[in-house]
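Okay, so here's the structure we're looking at.
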Amino acid sequence: MSNYQSSLLRLLDERGYIHQVTDAAALDALAAKQVVPGYIGFDATAPSLHIGSLVQIMMLRRLQQTGHKPIVLMGGGTTRIGDPTGRDESRKMLSDETIDANIASIRTIFSRLLAFGDGPTDAVMVNNHDWLGKLGYIQLLQEVGTHFTVNRMLTFDSVRLRLEREQPMTFLEFNYMILQGYDYRHLAKNMGVRLQMGGSDQWGNIVNGIELGRRMDGTELFGLTTPLLTTADGSKMGKTAAGAVWLNEDALPAWDFWQYWRNCDDRDVGRFLRLFTDLPLDEIARLESLEGGEINAAKVVLANEVTRLCRGGDAARTAEATAQATFAGGGLGADLPVLAVPAGGITVVDALVGIGFAASRGEAKRLIAGGGARLDGEVVTDEHRTVDPSGGEVRISSGKKKHGVLRPA
RNA sequence: GGACAGGUGGCCGAGUGGUUAAAGGCAGCAGACUGUAAAUCUGCCCGCGCAAGCGUACGCUAGUUCGAAUCUAGCCCUGUCCA
C-alpha cells in the first residue's frame, strides 16, 4: 500500500507481516540508511516454540535478509513471572534449570533460520535474566517504576480483560509489562536496538518500552506488530487436537509437521506461503491462483518449503515421498509411524493403541465400530480381529489421514 | 479479619437428594460427500470388560442418608464489597 524506501519495510509489507507500526515513515527512513538492530522476545515456558511463534521468527529472518541485525530475546527472566497477556490464567512457576534447558533447546530452531555470529548483521541471542536478575527491587521501583502510572497500567488489555472477567491477576504478573518495557530500554541502551517486533497482542508492551526509552534516555524507538495469525476457520495457529505444532524435531516428527501444512485450509495457502517461505511473490501468486483440487499442489509446495526451512531438506524430501507413497500409491512410506508386532500377532485394538492412533482400548473399539479403522486399506469390522505382519508389513490406518506400519518385531 | 457470591468432564455451562457417567454448546475423533481442503449431514466422545457389569469423576476432608454433584461441618482456592 505504501511506498516504502527501505527494503525491510517493503518486504514486510508485501508479505503481510505488518499490522501496526509506531512511526512507519521514520522507521522506513532509518532502515534505508543504517543497519537497524531489532528484536523479538520469546518465552521459555517449553522446550520448543510452536508454529504460533513462527511468524515472529520469520520476521527476524526477513530483518536479516534485508541487511539488518536480528536479536532473539529469550525471556529467561520474564518467564519466571509469566506474561498475563492473553486469557490464560496465571502460569505455573518454572525452575531455573527448566528455563535454562528450555532456552538451550529453543535455540536450535533459531540456528536453522538465522545466521548467528559476531558480524554487524549476524543474529545474536540474549537472555533477559542476565539483566533483570541483577535488578534490585528498590532500584527497579526508582528507575522504572516512576515512569509508569497505575492508571495507565490498568487500562492495558492484559490487565483490563482479567479484571473484567473477574479473574485473578497477581501483583507479580502485574509487573510483567514493566519488565518487558525495561528490556527494550536495556537493549536500546546497550546494543543500539531501535526496533521491537511482536504479535499484535504485544502492542501495549512494546509501546511501553518505547515510552520508557524516550523518557529515560530520549531515544526514539520503533515498534511493529504482526496481525494475529489465525487459520481460516478462526482458530489460533499452532494448536491442534493432538497438541501444539512444535518447531523442534524432537517435539514433533517431521512427518506430522509436514502434514500440518499439507492439510491447511485452501484460503490460507497464499498467506502462509508469503509468511513462511522464501519463495518469490510471483511464484506464490501463481500457486495461490490454482483452482479446485489443483490447489493441493500449492499445499505440497508450502509443506515442502516450510519443512525445509524448519527441519532441513532431507526431512522435507522424506515427508513428501512418504506422502506420495501413502496417499497416492496406497502403500507405505519411510516417515510413517511404526509398531513392532511380536510373533503371533496382536489384536487390531492393541495395534491402534500401540501405534498411538487411539488413546485407550475403548477409543480403539469405538473407532472400529465407526468404520474408521483399516488394515491395508480394508475396513476392519470385527473388534476381535488380530493382525500378524510376519508375512509382510501391514498398513494400519485410522481414518483417511493417519497411517502407520505394522512390522514383525 | 467480616459480609456476600462462586469452585461441575479439554473449555464454556445446566443440574440443588435417587430415573445423573452428569443436559446443551464448543473443541476433538470417525463415516458420507470431496481434493489428505472448506461447508453440510450422521455417529462417537472417562477407564477396564465380548457382555452383564465394575472402577473412577462434580475443589479437599469428614459426616447425615438405604442413596449425595446435590444436605451438614471444617478446610483450601477465587471474585466482589467492607475493615
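Values below: every heavy atom of this structure, side chains too, minus hydrogens, waters and symmetry copies. Note on naming: letters A, B, ... go to the chains in the order of the sequence lines (proteins, then strands), and numbering restarts at 1 for each one. Here the structure is a predicted model, which is why all the values come from computation and not from measurement.
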Pairwise N/O distances under 3.5 Å, protein to nucleotides 33-35 of chain B:
from, atom 1, to, atom 2, distance (Å)
rU34(B), O4, K400(A), NZ, 2.8
rG35(B), O6, D266(A), OD2, 3.2
rG35(B), N1, D266(A), OD1, 3.3
rG35(B), N1, D266(A), OD2, 2.6
rG35(B), N2, D266(A), OD1, 2.6
rG35(B), N2, N296(A), OD1, 3.2
rG35(B), N2, K299(A), NZ, 3.1
rG35(B), N3, N296(A), ND2, 3.4

Euclidean distance, atom CD of residue E363(A) to atom P of rG28(B) [Å, nearest integer]: 14 Å
Charged N-O contact under 4.0 Å between D268(A) and R271(A): yes
Partners passing side-chain contact (heavy atoms from CB on, under 4.5 Å) against T146(A) (at least two apart in sequence or in another chain): none
Rounded distance in Å - CZ (F357(A)) to P (rC45(B)): 22 Å
Sugar-phosphate only, base, or nothing, as touched by A323(A) at under 4.0 Å among non-hydrogen atoms: base
Partner nucleotide, any strand, of rG9(B) [Watson-Crick/G-U, under 3.5 Å]: none
Watson-Crick or G-U counterpart of rA3(B), or none if no pair lies under 3.5 Å: rU80(B)
Partner nucleotide of rG49(B) by Watson-Crick or wobble geometry (both distances under 3.5 Å): none
For W258(A), the option from N304(A), T318(A), N263(A) that meets side-chain hydrogen bond (donor to acceptor under 3.5 Å, both in side chains): N304(A)
Distance below 4.0 Å between R366(A) side-chain N/O and rG28(B) OP1 or OP2: no
Pairing of R308(A) and E305(A) as salt bridge, 4.0 angstrom limit: yes
Per R374(A) side chain, nearest of listed nucleotides rA30(B), rG31(B), rA37(B): rG31(B)
Whichever of S360(A) and G372(A) has its nearest RNA chain B nucleotide further upstream toward 5': G372(A)
Please list each protein N or O that sits under 3.5 Å from an N or O in nucleotides 49-51 of chain B, with the distance.
from, atom 1, to, atom 2, distance (Å)
rG49(B), OP1, R361(A), NE, 2.6
rG49(B), OP1, R361(A), NH2, 3.1
rG49(B), OP2, R361(A), NE, 2.7
rC50(B), OP2, K365(A), NZ, 3.1

Side-chain N or O of S398(A) closer than 4.0 Å to phosphate OP1/OP2 of rC29(B): no
P gap between rG10(B) and rG18(B), integer Å: 25 Å
Qualifying ring pair (Phe, Tyr, Trp, His ring centres under 6.0 Å) pairs with a residue from residues 283-317 of chain A, counting only residues at least two apart or across chains: none
Ring centers of F110(A), F42(A) separated by less than 6.0 Å: yes
Residues Y39(A) and Q196(A): side-chain donor-acceptor under 3.5 angstrom: yes
Salt bridge (Lys or Arg N to Asp or Glu O under 4.0 Å) partners for R214(A), two or more places apart: E211(A)
Identified pairing partner of rG43(B), criterion: Watson-Crick or G-U wobble below 3.5 Å: rC29(B)
For rA68(B), the Watson-Crick or wobble counterpart (both distances under 3.5 Å): none
Strand partner of rC75(B), provided both Watson-Crick or wobble distances fall under 3.5 Å: rG59(B)
Pi-cation contact, F276(A) with R15(A) (under 6.0 Å, within 45°): no
rC46(B) to rG28(B) separation - C1' atoms, rounded to the nearest Å: 15 Å
Whole-Å distance separating the NZ atom of K401(A) from the P atom of rG28(B): 11 Å
N263(A) side-chain proximity, nearest of rA37(B), rU36(B), rA30(B): rU36(B)
Pairing residues for Q65(A) by the side-chain contact (heavy atoms from CB on, under 4.5 Å) criterion, not counting sequence neighbours: L11(A), R61(A), R62(A), D278(A)
Gap in Å between the two P atoms, one belonging to rC75(B) and one to rG24(B), rounded: 38 Å
Nucleotide rG31(B), atom C1' - distance to CD1 of I368(A) in whole Å: 15 Å
Identified pairing partner of rU19(B), criterion: Watson-Crick or G-U wobble below 3.5 Å: none
